[in-house]
Amino acid sequence: MDKEYNSLSEFFPFYLEEHSHPVNRALHFIGSSLALGCILSFLVTFKLYILVLALISGYFFAWIGHFLIQKNRPATFKYPFYSFVSDWIMYGKMLTGQIE
């Protein structure tokens, strides 16, 4: 990750490359789905610990995908905003069948 990215449109192709393994993408999808479920649950219950569960579930599955499957370092460490937004873009593309 030596290149500097100055926009989301520059970063997103790199993000997809870093998530090219289908199991890594699946783990991200699972983690994001659980996080989304936790956020919706929080909106119903207003229990703050559920937001902590959202963060844990989202990152737990993603980091397993990176460290054990894809064997790379999450881009979140260097590009937290672009990575967060790109994860939800990838999630949407997976939901709509644009990415397997």
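- Not less than 6.0 angstrom separates the ring centroid of H21 from the ring centroid of H28.
- A continuous path of Ile, Leu, Val, Met, Phe, Trp and Tyr side chains, each step under 4.5 Å between heavy atoms, connects I30 with I64, placing both in one hydrophobic cluster.
- Among all heavy-atom pairs drawn from A26 and M94, the shortest one is N-CE, 4.3 Å.
- At distances below 3.5 Å, at least one donor-acceptor pair connects side-chain atoms of N72 with backbone N or O atoms of E18.
- Shown here for A62 and N24, the closest heavy-atom pair between the two residues is O-OD1, 4.0 Å.
- Both W63 and L55 sit in one connected hydrophobic cluster of ILVMFWY residues. Membership requires side-chain heavy atoms under 4.5 Å apart, directly or through other members.
- Here the side chain of Y79 pairs a donor or acceptor atom with the backbone of Y5 at under 3.5 angstrom.
- Residues F29 and L95 come closest through the heavy atom pair CZ-CD2, 3.7 Å.
- The distance from the CG atom of N6 to the OH atom of Y82 is 6.5 Å, given to the nearest 0.5 Å.
- Two residues are said to be in side-chain contact when any heavy atoms from C-beta on lie closer than 4.5 Å; F77 and S83 fail this criterion.
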Identify all side-chain donor-acceptor contacts of residues 34-47 below 3.5 Å with residues at least two apart in sequence or on another chain.
from : atom 1 : to  : atom 2 : distance (Å)
T45  : OG1    : S41 : O      : 3.0
T45  : OG1    : K47 : N      : 3.3

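- For the residue pair K3 and E10, the shortest heavy atom distance occurs at NZ-OE1, 3.7 Å.
- More than 12 non-hydrogen atoms from other residues, nucleotides or ligands lie less than 6.0 angstrom from CD of Q98.
- When ring centroids are compared, W88 and Y15 stay outside the 6.0 Å threshold.
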### Message
Applying side-chain contact (heavy atoms from CB on, under 4.5 Å) to Y59 and T76, what does each step give before you reach the verdict?
### Response
CA-CA 10 Å; Y59 283 108; T76 301; 4.0 Å; yes
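- Residues L27 and I89 do not share a hydrophobic cluster, defined by chaining ILVMFWY side chains whose heavy atoms lie under 4.5 Å apart.
- For F61, there are no ring-ring contact (aromatic ring centres under 6.0 Å, His included) partners two or more places apart in sequence or in a different chain.
- For F84, the CZ atom sits in a loose shell: 12 or fewer heavy atoms of surrounding residues, nucleotides or ligands are nearer than 6.0 Å.
- H66 NE2 to I69 CD1: the interatomic distance, rounded to the nearest 0.5 Å, is 11.5 Å.
- Looking at heavy atoms from C-beta onward, F81 lies out of side-chain contact with L8 at the 4.5 angstrom threshold.
- Nearest heavy-atom pair across R25 and S20 is NH1-O, 2.8 Å.
- F12 is linked by a ring-ring contact (aromatic ring centres under 6.0 Å, His included) to nothing, counting only residues two or more places apart in sequence or in another chain.
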